[in-house]
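The next block holds one structure in the form of structure tokens; read it before the comments.
By convention in this document, chain letters (A, B, ...) are assigned in the order of the sequence lines, proteins followed by strands, and residues within each chain are numbered from 1.
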Amino acid sequence: MVLLFLILIPLITGIMSFAVKGDGAKALALISSILTLGVSAYVSGSNYTAPITYNHDWIPILGTQLSFVADGMSSMLCLLTGIVVMVVMISNVNKEVESPGAFYGFLLLSQAGLMGVFLAYDALVFYVFWELALIPVYFLCSRWGGEKRIQVTFKFFIYTFVGSLMMLAGLIYLSMQTQGLSSYSWPDIVRAGASLPPATQQWLFWLIFIAFAIKMPIFPFHTWQPDTYEQSPTPVTIILSALMVKMGLYAVIRWLLPVVPAGVAYWSDTIVVLSVIGIIYASCIAIVQTDMKRLVAYSSIAHMGLMCAVAFSHSNIGMHGVMVQMFNHGITITGMWLIISMVENRWGTRDMTKLGGMATSAPNMAIAFVIISLASVALPLTNGFIGEFMLFNGLFLGTESNHITMMVIAGLGIILGAVYTLNMIQKTAYGATVKMTIAKDLSANEFISVAIIIILIIFLGVYPKPLLDLTSGIAGMIVK
Amino acid sequence: MKAIIATTVFGIIMMFTGIVVNNKKSVASVAALLFIALLGVNIWDLLTTSANAPQLLFSNMLRVEHYSLWFNTLMTGCSVLYVLLMGKEIQKVGSHVAEYFALIFFILCGLYILSTYNNLLMLFIGIEILSIPQYILAGSDKRNLKSSEASLKYFLMGAFSTGILLMGIALLYGAARTFNIMDMVGILHSDALNPLALAGIMFIMIALCFKVSAAPMHMWTPDVYDGAPTPFTAYMATIVKASAFFAFLRLFQVSFNSLSEHWTIILAIITAATLLVGNVTAVFQQSVKRMLAYSSIAQAGFMLFAVLAVNQFAWQGIIIYAVAYSVATIGIFSVLVKLKDYTYDGFNGLAKKEPLLAFTASIFLFSLAGIPLTGGFMAKYYVLLAVVQQGHLLWLVIFALLMAAISVYYYFRVIIAMYFKTGTPEFNSPVTMGDKVMLVITSILVFLLGIFPQIFLYHV
């Protein structure tokens, strides 16, 4: 029952929000996000004893149930969703948007969709939430985005929709292979998939994987991503990059790796190579960007590429690292977007060649920016370090061919990452001071939102144990 | 089957109402009441028929199964919805309002025969009863050249395809020596099949593909749907088409099931062609009405899946698809008919001016595109499930899903126009409170179909 609250709170407040005018919507969204965070913290906390589950009949003739399970990985991602959405709401307190009722309504609806995706234990329920998370984002980008928003969002929507439909075909096929009556529940799907002949698993793999590959996105399915991040309003960019791309990776771990093991074994070399190409390719493009938003968008492709490569390299510690890094990346990139939006707000541009001297004109902001950037390049004692360390360890111990070479090439990504990230700091925080249009350091709500991020970065950097404990059981279960 | 008699009597009553009552509004009210009464008669039929034993009527001409009655009831329900949503617009088409309603009653008579026929001759008669009123309705806007063109085109094409149907029936009779579709099952064997029977099946298939506008027999559809008065297009594209599909499925499921190896591949290619032509051509349309005509071809492609899958899911699939598609299409047409300009630009800025209209229209479009939690998703899901369960034809499923992704493009163009573009839409008639209530009820139905489809499959 508790799990239903995770979905119902944002869903109901989201629908209510459409009817509310002005600041009421903002307050409602903030309260709702705090409540949801509370529930998700409770769910994560109780995970150390026994995972919470919820089951209810939905469409019996199709063999589908309204079934949710919050194991370590799910509750961790729900917690991440709770934190990120709350931080977004806090940072938006002093911002004015056009028709706020609809704006916050859609944000909360997408949160409900995300929660559903992370909790679903039934393939059809999973699919339904997968789509539902997408639609509010479509409206958010198309209505409140930048200049080219309509074409860009349309491309993004059609891209992901094609992927989802392929996945649906795969899931229907799998449910037909289950024992007795068709069933969509996770254990049945896993049993059915794993017993299929390897040749079938090999094509089924792509049918399912394409949706996740587009969502993450990994090379060469990434072309929608930089444009969409750039054109979306900041809260939506945060939802997209901190949470929605995690949907793809989460889905790989939950709905692909255990479901078609023979297919995964056959294709994992290919996926690792694609991911590593993506890391280097995206890093190189990031280096030449002058727009901060595009730079971070490409850096996100590189980070996701690394996680994806490790997810396919069959090592326990690597898988554990992927889960931990999903959380850490979500936190760090949220901070990154917050700072970028503050920069844009104060200087009226995101072009790094026209920026400089943040350290003298807005010192608090510059300090926050430096800490977040260092977490992004995985400096020890920040949260990024522990995750990245485990990832490389995993890649090193992996079973795919040429895994040492892959690790070395992927390691270049770290160096390139340091190059573009430090370059960004240098150009914006230091150098000749450029006058701000609104001369102001962090306001109270911005300070709180950034502080939450920085506390998490440092706390999890020094003491990552809670996060590691939460996910340790799951990693072992996925990689046998 | 009191419904067949009732709908005929109601049709005649309607015609006389036109003589007695001069006020268009009263005529429409009488019609709405009669449609609700007809729904009542259908429910009565449903409750008084035993669920297990099919009932043979009119010297074995009709065979009444429970699911046929359920289909009749649902389609009559959709007709009630249609009359309540479109009643005002039907009054505006011309001066003979009573006759339009009478013709719709006669169409329903054809529908009832097509869902229960047990004899190929009844199939023929049913299709004729279904089609002839439509020829008249398509041309009912007499002063409009396009409407007359639509009527003539529809009539010629319809007559032509009926000829092919008759030819097929005759050939099949030559092989099976019976018109009875149940008896045929025992006579037509796959291993020693009379070539006459094969030719007959092909002729019948092609004729029925004409009726359901499957490619390459779809050429008449865009012109007829575009030219006919919009309220009647809505009826032709939904309930009438669904009924033709039901008849199609009935024949191929009951009589030709054991011969499926002979016709599956042909029908699969027709399905692929229908999906391709419908979806790709819809992308290039500038008028929403014409886009909806092509989209109805595309949706027909999905309904053909039910015919392809010769199993129990096919019945559920066709029923849920018929209802979901009819409800959503009638809904979107009832929004379209309010607007002066039928192009995409005509929808610009609708969300600002009439938020509720835009919101419900988006729900209908979501349903047509097959987004989860709407009826359209469940409908597509059921028909695909039926084919996947069949085991082969997986390539067709994947092709259909790609085509469904294309369909998002043209459905969402309307949403983009309504929500993200600026403009001032002009209305034909003011949007009243009654319209809004009906649109909200229709949207609730769309969600109900998507979340609890089992309610609508109660008797299958």
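If you measure heavy-atom distances from B:A400 to chain A, you find no contacts under 4.5 Å at all. For chain B, the nearby part of A:W203 is the side chain; its heavy atoms alone come within less than 4.5 Å. With a threshold of 4.5 angstrom between heavy atoms, A:I158 approaches chain B through side-chain atoms but not through N, CA, C or O. The contact between A:F154 and chain B is made entirely by side chain atoms (from C-beta outward), counting heavy-atom distances below 4.5 Å.
More than 12 heavy atoms of other residues, nucleotides or ligands sit less than 6.0 Å from atom OH of A:Y54. Counting heavy atoms of neighbouring residues, nucleotides and ligands inside a 6.0 Å radius, atom NZ of A:K155 exceeds 12 of them. With a 6.0 Å radius and a threshold of 12 heavy atoms from other residues, nucleotides or ligands, B:F399 has its CZ atom above the threshold. For B:E261, the CD atom is densely surrounded, since the number of other residues' heavy atoms within 6.0 Å is greater than 12. The environment of OH in A:Y266 is sparse: at most 12 heavy-atom neighbours from other residues, nucleotides or ligands sit within 6.0 Å.
The CG atom of A:L171 sits 9.0 Å away from atom OH of B:Y381, with the distance rounded to the nearest 0.5 Å. The CG atom of A:L165 lies 9.0 Å from the CG atom of B:L384; values are rounded to the nearest 0.5 Å.
Per-residue counts of heavy-atom pairs under 4.5 Å with chain A were compared for B:F313, B:F452, B:F366; the largest is that of B:F366.
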Handout entry: Check against side-chain contact (heavy atoms from CB on, under 4.5 Å), A:I172 and B:Q389
Key = CA-CA 9 Å; A:I172 294 178; B:Q389 188 161 47; over 6 Å; no

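Inspection of non-hydrogen atoms places B:I415, B:I416, B:Y419, B:F420 of residues 414-425 of chain B under 4.5 Å from chain A. Among the residues in residues 127-139 of chain A, those with a non-hydrogen atom closer than 4.5 angstrom to a non-hydrogen atom of chain B are A:Y127, A:V128, A:E131, A:L132, A:I135, A:Y138, A:F139.
When all heavy atoms are compared, the tightest approach of A:W58 to B:I451 is NE1-O, 2.9 Å. Considering all non-hydrogen atoms of both residues, B:V388 and A:M176 come closest at CG1-CG, 3.8 Å.
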